[in-house]
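Step one of this worksheet: look at the structure below.
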Amino acid sequence: MSTPRGFSAKRVLALMRQHLIVALRDNIVVYIIVAPVLMALMLKLLVPAAERSHLLFAVDRAVSPEVVGRLREYGDVELFERGGVISRVERPDAAAGVLDDEGRLCLVLEGNEPRELVETYEIILEDINHVTPVAEFREERLSSEGWFVLDLVTVGLIMAALFFCGTVSGFTIVAERDTKVIRALAVSPTGVSEYAAARGLLATMLAAAVVVMTGCVMVGRSADVFRLLALVAFSAPLTTLVGLLTGMFAHNQITAIALLKIAMPLYLAVPLGSTFVPGGLRFLFYALPNYWQLEALKAMYAPSLVTRDFMPSMLLTALCALPFLALAAGKFGKHVGLCR
């Protein structure tokens, strides 16, 4: 086994390029990379009610300005030509179309909206159609916990994106073991620290793109890209750890997929379960870096469930992951024959 000649950034970059080529050749790996974004898009298509607390009207330009003014009292109004109203309603949100039907207002909906939202739109149009008001409409938030499940789904998808990008490294490690490439690395000056750094940097760069896209799909302008990127950076030790463990314990691609099916639910369920644990027992989760990752994301996207501030949670994500990463890197180096 060769002795390393010190840490080399040049070797790290060469390894990153090699790992990227290997990853993009595997269709399963490519799917793993885009899976969180696809899941986010499916969720937004299937659950347009995610934005139902915000009323939005797509209104025919033929509707009188007086009616448009009345509609603005209930929510936001976007004006379109008659054909454009239909197209706007078909987008994946909860917008309602309002057409002029020979002097009366006609409500146009996509058909998959929740019943209570449909009834709200119907009451508003009936109120506007009548000279004498038939109802008084007022939106009032009675509880800050009403949508905590949707908040947790958003947080869980972003955590899944980070996890999946980590497993990409694991799948490429398995591919290198199958093709004996890693044996060549074992007799080269490459050390396990350089190998882990290359894996971690590539996974983190992929995670930055995937996480931002997932966040933007789920919460739109509220995604807070800068804090998301900061969390991705501080999650790099954890993302690297996921890749090394996958590559160390999986003997081939089939076992890697089996590990993925077991590890991902645990990765998400354990910290998510802490949400339902009494506060006095949450210290049991403090050693887990994915628990602090969850806390940081809750501070961003689940205001009704926040128990920790974003900055300390983000820092603790990295600090808790580093000891596990150092231990795993040492074991991995011995397992595949890489020098330290």
Looking at every non-hydrogen atom in both residues, tell me the closest pair between [X] and [Y] and how far apart they are.
X: Leu268; Y: Gly156; result: CD2-O, 3.8 Å
X: Pro36; Y: Ala161; result: CG-CA, 3.5 Å
X: Val85; Y: Ala58; result: CG1-O, 3.5 Å
X: Leu109; Y: Ala96; result: CD2-CB, 3.5 Å
X: Ala203; Y: Ser169; result: CB-OG, 3.7 Å
X: Ala328; Y: Leu245; result: CB-CD2, 4.1 Å

For the [atom1] atom of [X] and the [atom2] atom of [Y], what is their distance to the nearest 0.5 Å?
X: Ile158; Y: Leu294; atom1: CD1; atom2: CG; answer: 11.0 Å
X: Gln253; Y: Thr255; atom1: CD; atom2: OG1; answer: 9.0 Å
X: Met311; Y: Leu231; atom1: CE; atom2: CG; answer: 10.5 Å
X: Leu228; Y: Leu297; atom1: CG; atom2: CG; answer: 7.0 Å
X: Phe324; Y: Thr240; atom1: CZ; atom2: OG1; answer: 15.0 Å
X: Leu13; Y: Leu202; atom1: CG; atom2: CG; answer: 11.0 Å

Is there a chain of hydrophobic side chains (I, L, V, M, F, W, Y, each step under 4.5 Å between heavy atoms) that links [X] to [Y]?
X: Leu162; Y: Val37; answer: yes
X: Ile257; Y: Met264; answer: yes
X: Leu281; Y: Val270; answer: yes
X: Val225; Y: Val211; answer: no
X: Leu15; Y: Val168; answer: yes

Is it the case that over 12 heavy atoms from other parts of the model lie below 6.0 angstrom from the [atom1] atom of [X]?
X: Asp309; atom1: CG; value: no
X: Glu73; atom1: CD; value: yes
X: Met16; atom1: CE; value: yes
X: Phe234; atom1: CZ; value: no
X: Ile254; atom1: CD1; value: no

Are [X] and [Y] side-chain neighbours, meaning at least one heavy-atom pair lies under 4.5 Å?
X: Val212; Y: Leu229; result: yes
X: Phe249; Y: Leu259; result: yes
X: Val232; Y: Thr204; result: yes
X: Asp100; Y: Val67; result: no
X: Met314; Y: Met300; result: no
X: Tyr195; Y: Glu176; result: yes
X: Ile173; Y: Leu244; result: yes
X: Tyr301; Y: Val219; result: yes

Q | Any residue meeting side-chain hydrogen bond (donor to acceptor under 3.5 Å, both in side chains) with Asp224, in chain and number order, not counting sequence neighbours | A |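 If we apply the side-chain hydrogen bond (donor to acceptor under 3.5 Å, both in side chains) test to Asp224, skipping adjacent residues, the hits are Arg227.
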Q: Starting from the C-alpha separation in whole Å, work towards a yes-or-no answer on side-chain contact (heavy atoms from CB on, under 4.5 Å) for Leu38 and Tyr31.
A: CA-CA 9 Å; Leu38 294 177; Tyr31 173 75; 4.0 Å; yes
Q: Evaluate side-chain contact (heavy atoms from CB on, under 4.5 Å) for Leu79 paired with Val77, printing each intermediate quantity in order.
A: CA-CA 7 Å; Leu79 297 176; Val77 173; 4.0 Å; yes
(Q) For Ala250, is there any backbone N or O sitting under 3.5 Å from a side-chain donor or acceptor partner on Arg177? (A)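 Such a contact is found between Arg177 side chain and Ala250 backbone.
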Q: Measure from the side-chain N and O atoms of Thr317 to the backbone N and O of Ser313, and report whether any donor-acceptor pair falls under 3.5 Å.
A: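 Such a contact is found between Thr317 side chain and Ser313 backbone.
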Q | is_close_aromatic(Trp292, Phe285), centroid dist under 6.0 Å | A |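 They do not qualify: ring centres at least 6.0 Å apart.
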Q) After noting the C-alpha distance and the side-chain angles of Tyr267 and Leu238, does the key distance pass the side-chain contact (heavy atoms from CB on, under 4.5 Å) rule? A) CA-CA 11 Å; Tyr267 182 91; Leu238 179 56; 3.2 Å; yes
Q: Give a yes-or-no answer on whether the side chains of Arg282 and Tyr286 include a donor-acceptor pair shorter than 3.5 Å.
A: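 Absent: no donor and acceptor within the cut-off.
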(Q) As a quick check of understanding, evaluate side-chain contact (heavy atoms from CB on, under 4.5 Å) for Phe171 and Ile32, giving each step before the final call. (A) CA-CA 10 Å; Phe171 273 80; Ile32 289 173; 3.6 Å; yes
